[in-house]
Structure formats: C-alpha cells, structure tokens
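All values derive from a computational prediction rather than experimental measurement.
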Amino acid sequence: MNRGPAGHVTRSFLRPEPGTAGGCTDGAAGRPPRGASRRFLRTADGVAIDAAYRPRTSASGAPGPSGPSGTPGTPDTSEDLVSEDLVMVLAHGFTGDLERPHVRRAATAFARYAAVVTFSFRGHGASGGHSTVGDREVLDLAAAVRWARELGHTRVVTVGFSMGGSVVLRHAALHPRSEEEQEGRTGAHSDAVVSVSAPARWYYRGTAPMRRLHWLVTRPVGRAVGRYGLRTRIHHRHWDPVPSSPVESVPLIAPTPLLIVHGDRDGYFPVDHPRMLAAASGGHAELWLEPGMGHAENAAGDELLTRIGEWAARQKAPQAGGRGSGRDGRA
C-alpha cells in the first residue's frame, strides 16, 4: 500500500466485449478504433486490471444541456459537443466493477458525448489483486488512461464516483501533463477531472455507513463479508505510509479543469466534504451541490449524467507546464 511509480500498460490480453463479435483493432493513422474491445491491462506494480472500451454512440434523441443548477438550458444536441478525440474514463466506487448495472448506465450516458473506458479496480470483479481502498488504485486508473491514449484519443476526462472520486483527484495531482508527451497521445495524465461523492479526508467515521465500511475493511470477518458477500477482495495491511488525501491533492490539480459533484442527501459524506474540496482548489474547481441526491453511481440520475457528459465535452486540454511540480510524491 505504499507509494509507487505511475501506472502504465506493460502487457494486455484481448478479450471480446460481452455482446459483441470479438474485439477491435486499433484505428489506422492514430484514429480511435471503431469497435468495442475488452482487455486485461497490467499496472506498474503488476496487477491485472479488467478494462473495456466502447466507442461513442449516435446522439440522436439525446436530451439538451442543463446548467449546474439543474434548470434546462438552450436546446442543443450532443452532436454539437462531441469530438472523436475525447474519451471518458470511468472509475467506479468501492465494491463496484465494470459489469455493475449502475456503472454500465453511466457509461451509456457518457457514450453520447465521447468514447468510454470502464475498468474494475484491483480486488473488484475480474481484476486481480486486493483493494487498498483508494491507495494503489491510482495505478489502476493510470493504466486505464494510458490505454485510452494508446487507442488514439488525445483528450481524456476522468470521472470517479465515491472511492473512484478520491482516486481521480489523487491521480490528477500525481500525473501532470508533461512536455515530453506527444500531442496528447502518450502519458497517463487527465485533461479534465470529475469527482462525484468523494470524501475530502481519510478515516471519516461520522456517519453510520462509513462506520460499517471501516468495520468491513479493518476486521477479518468484515473482509470475509467483503470477499464472499460483496465480491470485493480487500487487502489486510494498513496504509504505510498514509497516501495523500483528496483535499491535499486538489491544490495540485490546476490548471486541469475540475468539477466536484455531491448530493445534499449523501448518507456517507455530508456536504462539508465537497465544500472542503472546492475551498482547497482556491476557486479553480466548479462545485455542483445536487438537491435530493444520495451517494455515488446509484444516486446519479440520467439528467445529472447528461450534464456531466456535456461538461466533459466542453473542456479543453490545459497546456503542459501550467503549474509547478510542488508534489510530495505520495501515491
């Protein structure tokens, strides 16, 4: 669970996407592939990560945009926003995986605006390893982002929910854009970040669901429940060292565009968490507090997912070298 280098794809295994006739081949001349594919990616620390790619779908019949307040905006179609160079990489929450219905629903909504990469974090679904609950998962996301760029996409927006929301923040802080990267087609950096229902700080036990989660993670019987009841294999070791927290990571993300989304009825993390994250950005982050929304993927309605997709499609990639390298190196 200690720190390590950026994740990267060192080996991959082709596996057909369920419901499709085989996998796809990479597009010619650097263009994104036209078909769906599924692969096992290898992270920097050697964990096999189950990942899937789906191309952008037709936008016919897609709803018009809405503003952050949730009020309908000027009628528009997603075809006015889509770009073939854009891909959204979706990071699920704890105990999720890429096959879960709520993850697939979010991917379907985002696919109206961009190609979508989904994957299962370590210890989840068909991926190898054990969950470190937000620590080494940064390497999993880095491998997925690098794969998305290898497929020909030059703009990558990472979208994370709950645990995945903390991971996209930490990943963005630890993986800035580099001058050495080739026109956005290499590297593990993100060009915009969306964090949904994320904690601001570690070890929070202020709600009953979080007290149950800590029991699940820290007790042997809890980890057994996680393995056999929730299909999640949890690492038995405590963090050493403790990784940088989401609120410590946020100040290092600028100038990369950052959107923080949180429900005012979140039963896990109350609204002081998103407000703390937004304050840490020094005015850089955009904050959407969603009335009546609960926690993470299960609570994200189609209208909110549409707005997130539109926000992602409107973002432009920041220039390299836009901020200093004042990172502590923790992962």
Pick one: which of R149, R155, R56 meets salt bridge (Lys or Arg N to Asp or Glu O under 4.0 Å) with D85?
R155

Does H171 use its side chain to pair, donor to acceptor, with the backbone of D140 at less than 3.5 Å?
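Between the backbone of D140 and the side chain of H171 there is no qualifying donor-acceptor contact (under 3.5 Å).
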
Within the supplied structure, the quantity of interest is the number of heavy atoms (other residues, nucleotides, ligands) at a distance under 6.0 Å from Y203 OH; does it exceed 12?
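Count over threshold, so yes.
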
Backbone N or O of G129 within a donor-acceptor pair of the R233 side chain at under 3.5 Å?
yes

Measure the shortest side-chain to side-chain distance between R201 and M276 over non-hydrogen atoms and say whether it is less than 4.5 angstrom.
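Yes - at least one pair of side-chain heavy atoms lies under 4.5 Å apart.
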
Would you check if there is a donor-acceptor pair between the side chains of E286 and W288 at a distance under 3.5 Å?
yes

Less than 4.5 Å apart, any side-chain heavy atom of R170 and any of S244?
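Yes - at least one pair of side-chain heavy atoms lies under 4.5 Å apart.
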
For residues R112 and T306, is any side-chain donor paired with an opposing acceptor at under 3.5 Å?
yes

Are side-chain heavy atoms of L169 and L258 found at a separation under 4.5 Å?
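They are in side-chain contact.
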
Test applied, side-chain contact (heavy atoms from CB on, under 4.5 Å); reference residue, V87; option that passes from T158, L151, V117
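The passing option is V117.
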
Count the heavy atoms belonging to other residues, nucleotides or ligands that lie under 6.0 Å from CZ of R265, then report whether that count exceeds 12.
no

So, H189 versus R177: side-chain donor-acceptor pair below 3.5 Å or not?
yes

Is there a side-chain contact between V157 and V89 in this structure, where contact means two heavy atoms from C-beta onward sitting under 4.5 Å apart?
no

Interatomic distance, CD@Q315 vs OG@S190, rounded to 0.5 Å, equals 12.0 Å

Backbone N or O of R39 within a donor-acceptor pair of the W147 side chain at under 3.5 Å?
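Checking the backbone N and O of R39 against the side chain of W147, no donor-acceptor pair under 3.5 Å is found.
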
Any side-chain donor-acceptor pair under 3.5 Å between S245 and E248?
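The criterion, which ignores hydrogens and geometry beyond distance, is satisfied for E248 and S245.
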
Candidates L90, L141, V145, L41 - the one meeting side-chain contact (heavy atoms from CB on, under 4.5 Å) with F119
L141

Can you find a pair of side-chain heavy atoms, one from H175 and one from V138, that are under 4.5 Å apart?
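Yes, close enough: below the 4.5 Å cut-off.
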
Between the side chain of H214 and the main-chain N/O of R205, is any donor-acceptor distance below 3.5 Å?
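No; judged by distance alone, with no hydrogens or angles, the pair does not exist.
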
Between the main-chain N or O of G93 and the side-chain N or O of E297, is there a donor-acceptor pair closer than 3.5 Å?
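Checking the backbone N and O of G93 against the side chain of E297, a donor-acceptor pair under 3.5 Å is found.
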
Check whether any side-chain N or O of S195 sits under 3.5 Å from a backbone N or O of G165 as a donor-acceptor pair, and report yes or no.
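Checked: pair present.
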
With distance as the sole criterion, is a donor-acceptor pair present between the side chains of T218 and R223 under 3.5 Å?
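Judged by distance alone, the side chains do not pair up.
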
Value rounded to 0.5 Å, distance of CD1 in I234 from NE2 in H130
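Result: 9.5 Å between the selected atoms.
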
Would you compute the distance between atom NE2 of H295 and atom OG of S162 and round it to the nearest 0.5 angstrom?
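Separation between the atoms: 3.0 Å.
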
Sort out for me which residue in L86, T57, V194, L305 forms a side-chain contact (heavy atoms from CB on, under 4.5 Å) with F110.
L305

Heavy-atom side-chain contact between L213 and F94 under 4.5 Å
yes

Quick one: closest heavy-atom pair of T95 and T232, and the distance?
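In this case the closest contact between T95 and T232 is CA-OG1, 3.2 Å.
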
Within-4.5 Å side-chain heavy-atom neighbours: L98 and D50
yes

The single option from H92, R231, R100 passing side-chain contact (heavy atoms from CB on, under 4.5 Å) against H124:
H92

Please check if the side chain of E137 supplies one atom and the backbone of G134 the other of a donor-acceptor pair under 3.5 Å.
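Indeed, once roles are kept as given, a pair shorter than 3.5 Å links the two residues.
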
Could you grab the distance from atom OG1 of T43 to atom CD1 of I49, nearest 0.5 Å is fine?
5.5 Å

If you take the centroid of each ring, where Trp contributes its six-membered ring, are Y204 and H273 closer together than 6.0 Å?
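Distance test on ring centres: under 6.0 Å, yes.
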
Interatomic distance, H262 atom NE2 to L277 atom CG [nearest 0.5 angstrom]
9.0 Å

Any side-chain heavy atom of R38 within less than 4.5 Å of one from Y53?
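Counting from C-beta outward, R38 and Y53 never come under 4.5 Å.
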
